[in-house]
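All chains are named by letter (A, B, ...) in the order of the sequence lines, taking the proteins before the strands, and each is independently numbered beginning at 1.
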There are 2 protein chains.
Amino acid sequence: MDATVKRKARSPKSTRPPPLQPVEPVHDSDGAHLELRIWLRLLACATRIEKALNARLRKEFNTTLARFDLLAQLARRPEGASMSVVSDLLMVSNGAITALVQKLEADGLIHREVDTADRRTFRLRLSQDGAREFDRMARRHEEWVIALIGELSPVAQSDLLQHLTLLKRRLDKHA
Amino acid sequence: MDATVKRKARSPKSTRPPPLQPVEPVHDSDGAHLELRIWLRLLACATRIEKALNARLRKEFNTTLARFDLLAQLARRPEGASMSVVSDLLMVSNGAITALVQKLEADGLIHREVDTADRRTFRLRLSQDGAREFDRMARRHEEWVIALIGELSPVAQSDLLQHLTLLKRRLDKHA
DNA sequence: CAATAACGTTTCATGTCTAAAATATTCTGT
DNA sequence: ACAGAATATTTTAGACATGAAACGTTATTG
């Protein structure tokens, strides 16, 4: 998950004196393209946060981010949602949802009813227990995220959010 | 991989007139804490880029990001590295490295020699084939990343990198 | 109305990750 | 030198991801 790329060292061969400033802006220790450096940082931040949250979810609630995220999507949809819809929301393949849902249902956190109109589809809903449990987890989860990111100044946070939002829009257009 | 959290709607109860500006800066549609929104965006960007790169690596080179990243770490270390070192570099457990290395060695991309000094450790090195293959992949990989992120203006890129660098530092201190 | 296309879900094979237990090797203190 | 501590790796069990194939249900249409 690092995607590091080695830059070739510039072999000093020319007889001309080298330019005073390198061609690429060097705010950092490496000559790599800005884009590459951004991607590496982005990935590093995301995996660090994800691992921290996952570890705490496991320790405090004996659950995982995948389960939490599925509950979160159902929590904001009292009318329920189908497997495919959830799969789209979580950006995860249908096959992955099947296993997740089976376990969550076995644990009594969600209900799965056949849709009366279209018997191909299931309607997933949070159970009472699921809603209660999700509320507890969501509160802690929020505290954790705030602790992790909250050390940045409000200005930095606002800037960062804007840039990420812009980046996400560009990425979505790309696909 | 979404980690969405629903925010409670603010119930208007006070008799005093509300402040002209909301307490939290609202550049966005939701009342959630900035930290939560940043985390969601960060995760969305990271997974989108990761999936795009993974898909292209699979299509063009029949490989994966995990394999590519391991090769990348060895490529910048001609002296080689031990399993544990690689595991630290990739921020992945030792067990994960074992399987990866076995396959890469079977494919002839890396060598694994027992260290003469300490027979507990292996020294991993890129093979000739591995180095050649990695070079081809690294060039394409860089093009892809530049295409994905390059739509941001240079200023935005530089800002984003700075903020991510700062965030990463804070996260590392946290742990 | 039947053949067929489209859809929703499950199953399967495969890949990657983790955490913890097992093994093997080296180091350390008396 | 030797018992234990520390270190490096492998193994195992379990979670989650994908993509492709299979299957039942619904829609379409000649």
Side-chain angles (χ1 to χ4, degrees), chain A residues 1-3 43 46-48 50-59 61-71 80-107 110 112-124, chain B residues 1-3 43 46-48 50-59 61-71 80-107 110 112-124:
Chain A
M1 294 280 191
D2 193 320
L43 186 57
T47 61
R48 275 165 175 77
E50 189 168 358
K51 284 187 183 181
L53 293 178
N54 231 325
R56 292 167 198 196
L57 275 176
R58 176 172 314 283
K59 186 178 292 182
F61 299 101
N62 191 34
T63 190
T64 66
L65 254 189
R67 291 166 58 102
F68 176 72
D69 288 341
L70 202 157
L71 295 182
S82 72
M83 308 276 285
S84 298
V85 166
V86 169
S87 141
D88 285 348
L89 290 170
L90 299 188
M91 299 209 311
V92 139
S93 75
N94 257 330
I97 299 296
T98 298
L100 253 186
V101 161
Q102 284 171 348
K103 268 175 240 135
L104 286 171
E105 194 188 17
D107 292 349
I110 66 178
R112 179 170 60 162
E113 314 149 2
V114 279
D115 190 307
T116 52
D118 184 343
R119 280 179 305 177
R120 289 172 304 182
T121 83
F122 291 111
R123 181 151 297 273
L124 308 178
Chain B
M1 293 274 193
D2 193 322
L43 186 57
T47 60
R48 275 164 175 77
E50 189 169 358
K51 283 187 184 182
L53 294 178
N54 231 326
R56 291 167 199 196
L57 275 175
R58 176 170 314 284
K59 185 179 293 182
F61 299 101
N62 192 34
T63 190
T64 66
L65 253 189
R67 291 167 58 102
F68 176 72
D69 288 340
L70 202 157
L71 295 182
S82 72
M83 309 276 282
S84 298
V85 166
V86 169
S87 142
D88 284 348
L89 290 170
L90 299 188
M91 299 209 312
V92 140
S93 75
N94 256 329
I97 299 296
T98 298
L100 253 185
V101 161
Q102 284 171 349
K103 269 176 240 135
L104 286 171
E105 194 187 18
D107 292 349
I110 67 178
R112 179 171 58 163
E113 314 149 2
V114 278
D115 190 306
T116 53
D118 185 342
R119 279 179 305 177
R120 290 173 304 183
T121 82
F122 291 111
R123 182 152 297 275
L124 308 178

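- Between L89(B) atom CG and dA8(D) atom P there is a gap of 14 Å when expressed in whole angstrom units.
- S82(B) meets the side-chain contact (heavy atoms from CB on, under 4.5 Å) test with S84(B), V85(B); sequence neighbours excluded.
- The distance between atom CZ of F122(B) and atom C1' of dT23(C), rounded to the nearest whole Å, is 12 Å.
- Here the nucleotide nearest the side chain of D118(A), chosen from dT25(D), dT10(D), dA8(D), is dT25(D).
- For the pair R119(A) and dT26(D), the criterion of a side-chain N or O lying under 4.0 Å from OP1 or OP2 is met.
- Remark: K51(A) is in phosphate contact with dT18(C), judged by side-chain N or O atoms under 4.0 Å from OP1 or OP2.
- When the C1' atom of dG14(D) is taken as reference, atom CZ of R58(A) falls 9 Å away, rounded to whole Å.
- Within the 4.5 Å cutoff, side-chain heavy atoms of F122(B) are placed close to those of V114(B).
- Side-chain N/O atoms of R112(B) include none lying less than 4.0 angstrom from OP1 or OP2 on dA8(D).
- Two residues, R67(A) and V85(B), neighbour DNA chain D, and the one matched to the more 5' nucleotide by heavy-atom proximity is V85(B).
- Distances shown here put every side-chain N or O of T98(B) at or beyond 4.0 Å from the OP1 or OP2 atom of dT11(D).
- One atom, CG of D88(B), and another, C1' of dT7(D), lie 13 Å apart when rounded to the nearest Å.
- Atom CD1 in I97(A) sits about 16 Å away from atom P in dA15(D), given to the nearest Å.
- The salt bridge (Lys or Arg N to Asp or Glu O under 4.0 Å) search around R112(A) returns E105(A), not counting sequence neighbours.
- At dG15(C), none of the side-chain N or O atoms of Q102(B) fall inside 4.0 Å of OP1 or OP2 (strictly under the cut-off).
- Checking dT16(C), dT10(C), dA17(D) against the side-chain heavy atoms of N94(A) singles out dT10(C) as nearest.
- Residue contacts shown for S84(B) are limited to sugar-phosphate atoms, with no base heavy atom under 4.0 Å away.
- For R120(B) and dT23(C), the CZ to C1' distance is 12 Å, given to the nearest whole Å.
- The 5' end of DNA chain C is approached more closely, in terms of each residue's nearest nucleotide, by M91(B) than by the other of M91(B) and A117(B).
- Listed pair T64(B) / dG15(C) fails the phosphate criterion, with no side-chain N or O lying under 4.0 Å from OP1 or OP2.
- A side chain to side chain contact (heavy atoms under 4.5 Å, CB included) with M83(A) is found for exactly one of L100(A), V101(A), D88(A), namely V101(A).
- Summarising the geometry, the separation between CE on M83(A) and P on dG24(D) is reported as 17 Å, rounded to the nearest angstrom.
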- Query: After noting the C-alpha distance and the side-chain angles of N54(A) and T64(A), does the key distance pass the side-chain contact (heavy atoms from CB on, under 4.5 Å) rule?
  - Reply: CA-CA 6 Å; N54(A) 231 325; T64(A) 66; 3.8 Å; yes
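- Remark: K103(A) is not in phosphate contact with dG14(D), judged by side-chain N or O atoms under 4.0 Å from OP1 or OP2.
- T121(A) has no side-chain polar atom (N or O) that falls below the 4.0 Å cut-off from OP1 or OP2 of dT25(D).
- Atom pair D69(A):CG and dA15(D):P shows a separation of 17 Å (rounding to whole Å applied).
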